[in-house]
Amino acid sequence: MTSFDGWDPDQYNRFAQLREQPFWDLVQLIKGGTRPSVVDLGCGDGRLSSQLSKHLGAASMLGVDRSPAMIGAAREYANERVTFTLGDIAAFEEPGSFDVVFANASMQWVPDHAGVLARWANSLGDAGQLAVQVPANADHPAHVLASEVAQELLDDPPRDVVDENVLAPERYAQILDDLGFDEQHVRLQVYAHQLASTADVVEWVKGTTLNRFKESLGVAGWEHFVDLYRTRLLAELGEHSPFFYPFKRILMWARRRS
Ligand SMILES: C[S@@+](CC[C@H](N)C(=O)[O-])C[C@H]1O[C@@H](n2cnc3c(N)ncnc32)[C@H](O)[C@@H]1O
């Protein structure tokens with residue numbers, strides 16, 4: 001079902017297997033311990049929150065997302081230990097409440113990462129762990145062309161926040177150090193996706209980055225936007241089958257000694 005709050009769980013999950021690898025790579029950075037209390041910020045449809053909860057043996061898991069469509073889908077995974085709520089991760093701060101603050105592929109949607117990470121770090125208890133993954137692929141034609149087509153079609157295109165928000169890996173390392181984390185791991189990783197064809201790139205970005213234009217375009221405008229975007233993208237990248245889609249991501253983990 002397509003939702004005009006932007007997010008469509010079915011479209012997002014078309015590439016679930018490929019999208020999952022960075023999630024598990026991020027999970028691997030978290031040190032084991034006794035049944036942690038966990039918050040998953042920008043939890044999406046809750047499927048991965050549920051897996052994270054099981055993997056860590058979490059005493060509690062709170063998933064937070066601002067999309068009613070995603071939180072609606074997440075209810076399927078709710079139980080006595082796993083709960084979901086609508087909320088804005090940009091402002092999220094619950095001092096000293098969690099052992100793990102986790103955010104996979106969501107922080108890129110909000111500005112001021114120094115401020116956001118400070119609030120999230122403040123939500124950790126003693127020896128709590130922060131684990132965050134953001135895409136860093138703004139220079140790929142798939143992203144560049146999306147902004148160009150939006151500039152052409154919209155009188156007042158929304159600021160290209162997703163691409164502007166993400167900082168350089170070394171800047172995240174500095175922020176984590178400034179926040180007093182004694183241990184940290186920050187890395188840029190290239191995920192080498194083999195898609196069935198170039199056109200699949202359109203389906204990929206329709207599930208995520210193009211969502212920021214959806215509300216401004218409306219239903220008819222959205223279809224026209226996607227058609228024009230597809231034409232331009234295929235002209236620029238060529239029609240290949242399979243198509244190699246390299247995707248850069250930044251993974252970061254940090255812990256304070258108690
Ligand atoms: C790319 S999805 C990632 C979902 C999930 N973490 C995963 O790994 O599958 C990004 C999610 O961030 C959510 N999101 C974006 N901005 C948000 C905000 N300001 N507050 C809460 N959620 C937000 C979207 O609604 C979407 O569900």
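Order of appearance sets the numbers: ligands from 1, and atoms from 1 within every ligand.
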Salt bridge (charged side-chain N to carboxylate O under 4.0 Å, His left out) pairs, two or more places apart, involving residues 133-144: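 Passing the test, one end in residues 133-144: Asp139-Lys248.
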
Ligand 1 to [X] polar contact by distance, N or O atoms, under 3.5 Å:
| X | answer |
| --- | --- |
| Gly42 | yes |
| Asn104 | yes |
| Met70 | no |

Go through ligand 1 atom by atom and flag the ones less than 4.0 Å from a non-hydrogen atom of [X].
| X | answer |
| --- | --- |
| Gly44 | 4 (C), 27 (O) |
| Ala105 | 1 (C), 2 (S), 3 (C), 10 (C) |
| Asp88 | 18 (C), 19 (N), 20 (N) |
| Val110 | 19 (N) |
| Gly87 | 20 (N), 21 (C) |
| Ser106 | 12 (O) |
| Leu48 | 7 (C), 8 (O), 9 (O) |

With sequence neighbours excluded, residues passing side-chain hydrogen bond (donor to acceptor under 3.5 Å, both in side chains) with Gln21: Asp25

Per atom 27 (O) of ligand 1, closest listed option by heavy atom (Asp65, Val134, Asp40, Thr208): Asp65

For the pair Phe23 and Phe102, name the ring-plane relationship: parallel under 30°, tilted 30 to 60°, perpendicular over 60°.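 Because their plane-to-plane angle is over 60°, the rings of Phe23 and Phe102 count as perpendicular.
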
Using 30° and 60° as the class limits, which term best fits the ring planes of His55 and Trp24: parallel, tilted or perpendicular? perpendicular

For Arg232, is there an ion pair with Glu152 - N to carboxylate O distance below 4.0 angstrom?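 Yes.
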
Would you mind checking if Glu94 and Arg119 are paired as a salt bridge, meaning a charged N to carboxylate O distance below 4.0 Å? no

Ligand 1-proximal atoms of Arg66, by part, heavy-atom distance under 4.0 Å: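 Both of them.
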
What part of Cys43, side chain from CB on, backbone N/CA/C/O, both or neither, has a heavy atom under 4.0 Å from ligand 1?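 Contact part for Cys43 vs ligand 1: backbone (N, CA, C, O).
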
Axial cation check for Phe247 ring with Arg249, 6.0 Å and 45° limits: yes

Pi-cation contact, Trp253 with Arg187 (under 6.0 Å, within 45°):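 Verdict for Trp253: no cation-pi partner in Arg187.
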
Return yes if some donor-acceptor pair links the side-chain N/O of Asn79 with the main-chain N/O of Val82 below 3.5 Å, else return no.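 Pair found, side chain donor or acceptor close to backbone of Val82.
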
